[in-house]
Amino acid sequence: MMEGINAKYVSQKISKTRWRPVSSSSLQQPDIFATGSWDNEDNRISIWSIGENGVSSMDDEFEGDPQLVCEHKHNGDVMDLQFLGQDRIVTASSTGAVTIFRHHHNQTLSVCQLWERAHHYPCENAPCTGIVCNSPEIVTVGEDGRIILFRADQEGVMRTIENADSSTIHAVTFLRTTEILTVNSIGQLKLWDFRQQANEPSLILSLTGDRVPMHCVDRHPNQQHIVATGGQDGMLCIWDVRQSKAPFSLMEAHSAEMWEVRFHPSNPDHLFTCSEDGSLLHWETSSNSDTPSFLQGGRNTSLISRSAIAPSGNQSLVSAWLTGDSGKGRLETTHMLPSQTLSVNSLDVLGQCLVCGTDGEAIYVNRQVPI
């Protein structure tokens, strides 16, 4: 076992893991996370604690092991899961439902809102594949090609973009408060502006050549034009949505589908990816100069192409992920898990804490991520 990693075997395949947010003003590390399961007879969402109070006196429990706080049955596979503030959790189901659960102070979970067939085909349900929250707004996407905008505490649907896509939309993220990005199963990244009445994307970016399905997307926390995506071929793509129809750079990251990509929320020179190939990678841009670069391969990576040059101007404002001078910096990748074979389906990182969930029915927690 790698140093600092706690493994918890949970007798269910874990599809999603998310830290409960901590207030940005506090310096505390996160200590509560949620998981969702899939491919089990009875799927559940569960709340776990790694806080010092959660230490069990039983011999087989180690300090820092995740302790189950509470759980609730979930109809269908948990396809996505996001915290909405401190005490609510929104889930996407393979049944097409979108549910808001409330985590109560007495450590129970209850359903406080349910949109039962949010995503559907004419005669059957369509899986809801992705969620993003910007409280009180919730945006969901699905296999049915729909984009739906909800508001927590309002029963109705605020807006639906029907036929937003003719293929499955796999993931969604906010670019700005009124703009979202979606990725689909034919290798397209689409930008949508909710201020526009038309149900058309304001921008479409795509990988040239093969229409490789994209599974995940994350936006750089400080520079909203920088986006990372991953997909079926295991490639990590970095995009600049301001100026390029194609990705800025492509890296060979994994040998199978990449399921999630995450910029570190407060130190975005660090990025994390996980894959069907059973690995979780930590990517770090490092440099000998003030303008680090993402454009030179580090260990386990090879740079495939670069289809744009960083914009001129003040280079110190240019992200490390987009710097044009490839001679000055490099990218280092580190394997974060002991070698294993089953898929790592989900990861989340906050502060120095990383959590991931696997098809091996294990949750891994690392509280000493070198950030």
Side-chain angles (χ1 to χ4, degrees), residues 2 5 14-19 80-81 129-130 132 170-173 181 183 187 189 207 212-221 226-239 247-286 294-305 319-322 330-350 352-360 362-366 369-371:
M2 291 181 73
I5 289 190
I14 299 297
S15 55
K16 288 291 163 180
T17 60
R18 295 286 180 259
W19 289 110
D80 201 358
L81 179 153
T129 50
V132 65
H170 280 139
V172 58
T173 190
L181 279 169
V183 295
L189 183 63
L207 290 164
V212 177
M214 284 200 257
H215 292 306
C216 52
V217 59
D218 197 32
R219 187 204 78 197
H220 191 289
I226 300 172
V227 175
T229 63
Q232 185 169 299
D233 57 2
M235 295 287 235
L236 171 63
C237 304
I238 305 293
W239 307 73
F248 185 83
S249 53
L250 280 155
M251 276 75 57
E252 286 176 345
H254 295 278
S255 59
E257 291 94 334
M258 186 192 298
W259 293 130
E260 284 199 329
V261 57
R262 277 274 182 280
F263 284 103
H264 190 281
S266 55
N267 194 345
D269 284 353
H270 297 259
L271 180 143
F272 299 82
T273 59
C274 65
S275 168
E276 180 74 26
D277 67 10
S279 66
L280 190 157
L281 293 180
H282 172 194
W283 304 72
E284 180 182 2
T285 59
S286 61
F294 183 60
L295 299 172
Q296 197 162 316
R299 299 193 303 273
N300 314 329
T301 69
S302 62
L303 192 62
I304 307 307
S305 74
S319 165
W321 300 98
L322 292 182
R330 66 182 190 276
L331 183 71
E332 294 205 352
T333 61
T334 310
H335 281 271
M336 297 291 288
L337 290 181
S339 59
Q340 54 150 42
T341 53
L342 292 177
S343 177
V344 183
N345 296 324
S346 181
L347 74 96
D348 198 21
V349 62
L350 192 58
Q352 283 189 289
C353 297
L354 180 131
V355 61
C356 69
T358 74
D359 273 355
I363 301 165
Y364 293 94
V365 175
N366 185 335
V369 177
I371 298 296

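Nothing fancy with the numbering, it's 1 onward along the sequence. A quick note: this is a predicted structure, and the numbers were derived from the prediction, not measured.
- Without hydrogens or angle criteria, E257 side chain to G231 main chain gives no donor-acceptor distance under 3.5 Å.
- Of the possible polar contacts, one joining the N345 side chain to the I14 backbone as a donor-acceptor pair under 3.5 Å is found.
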Take M251 and M235 through the test side chain to side chain contact (heavy atoms under 4.5 Å, CB included) and record every step on the way to the result. CA-CA 6 Å; M251 276 75 57; M235 295 287 235; over 6 Å; no

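- One finds the CG atom of D80 at 12.0 Å from the NE2 atom of H170 (value rounded to the nearest 0.5 Å).
- Residues satisfying the ring-ring contact (aromatic ring centres under 6.0 Å, His included) criterion with F272, sequence neighbours excluded, are H282.
- By the salt bridge (charged side-chain N to carboxylate O under 4.0 Å, His left out) test, R262 pairs with D348, sequence neighbours left out.
- Between R18 and S346 the shortest side-chain heavy-atom distance falls below 4.5 Å.
- With a 4.5 Å cut-off on side-chain heavy atoms, F248 and V227 do not count as touching.
- A search for side-chain contact (heavy atoms from CB on, under 4.5 Å) contacts involving A228 returns L236, I238, V261, F263, L271, not counting sequence neighbours.
- The side-chain hydrogen bond (donor to acceptor under 3.5 Å, both in side chains) search around E276 returns W259, S343, not counting sequence neighbours.
- Side-chain atoms of T358 come within 3.5 Å of backbone atoms of A362 as a donor-acceptor pair (strictly under, hydrogens ignored).
- Considering all non-hydrogen atoms of both residues, H264 and N267 come closest at ND1-N, 3.0 Å.
- Of the possible polar contacts, one joining the W321 side chain to the P268 backbone as a donor-acceptor pair under 3.5 Å is found.
- Every residue two or more places apart in sequence or in another chain was checked for a side-chain hydrogen bond (donor to acceptor under 3.5 Å, both in side chains) with D233, and none qualifies.
- Here P265 pairs with V349, L350 under the side-chain contact (heavy atoms from CB on, under 4.5 Å) rule; sequence neighbours left out.
- For the atom pair L189 CG and L181 CG, the distance stands at 5.0 Å (nearest 0.5 Å).
- Rounded to the nearest 0.5 Å, atoms CG (L281) and CE (M336) are 9.5 Å apart.
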Before you tell me yes or no, could you show the steps for L207 and L250 under side chain to side chain contact (heavy atoms under 4.5 Å, CB included), namely the whole-Å CA-CA distance, both residues' side-chain angles and the distance that decides it to 0.1 Å? CA-CA 10 Å; L207 290 164; L250 280 155; 3.9 Å; yes

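- In this structure, CE on M258 lies 9.0 Å from CG on D277, to the nearest 0.5 angstrom.
- Under the rule for a side-chain hydrogen bond (donor to acceptor under 3.5 Å, both in side chains), T129 has no partner lying at least two apart in sequence or in another chain.
- Nearest heavy-atom pair across C216 and A171 is CA-CB, 4.0 Å.
- In this structure, the separation between NZ on K16 and CG on L81 is 8.5 Å, given to the nearest 0.5 Å.
- Taking C356 as the reference, L280, L337, V344, L347, Y364 meet the side-chain contact (heavy atoms from CB on, under 4.5 Å) condition, with sequence neighbours excluded.
- Take S15 and apply the side-chain hydrogen bond (donor to acceptor under 3.5 Å, both in side chains) test, not counting sequence neighbours, and it matches no residue.
- Note that the NE2 atom of H254 and the CD atom of Q232 stand 14.5 Å from one another [nearest 0.5 Å].
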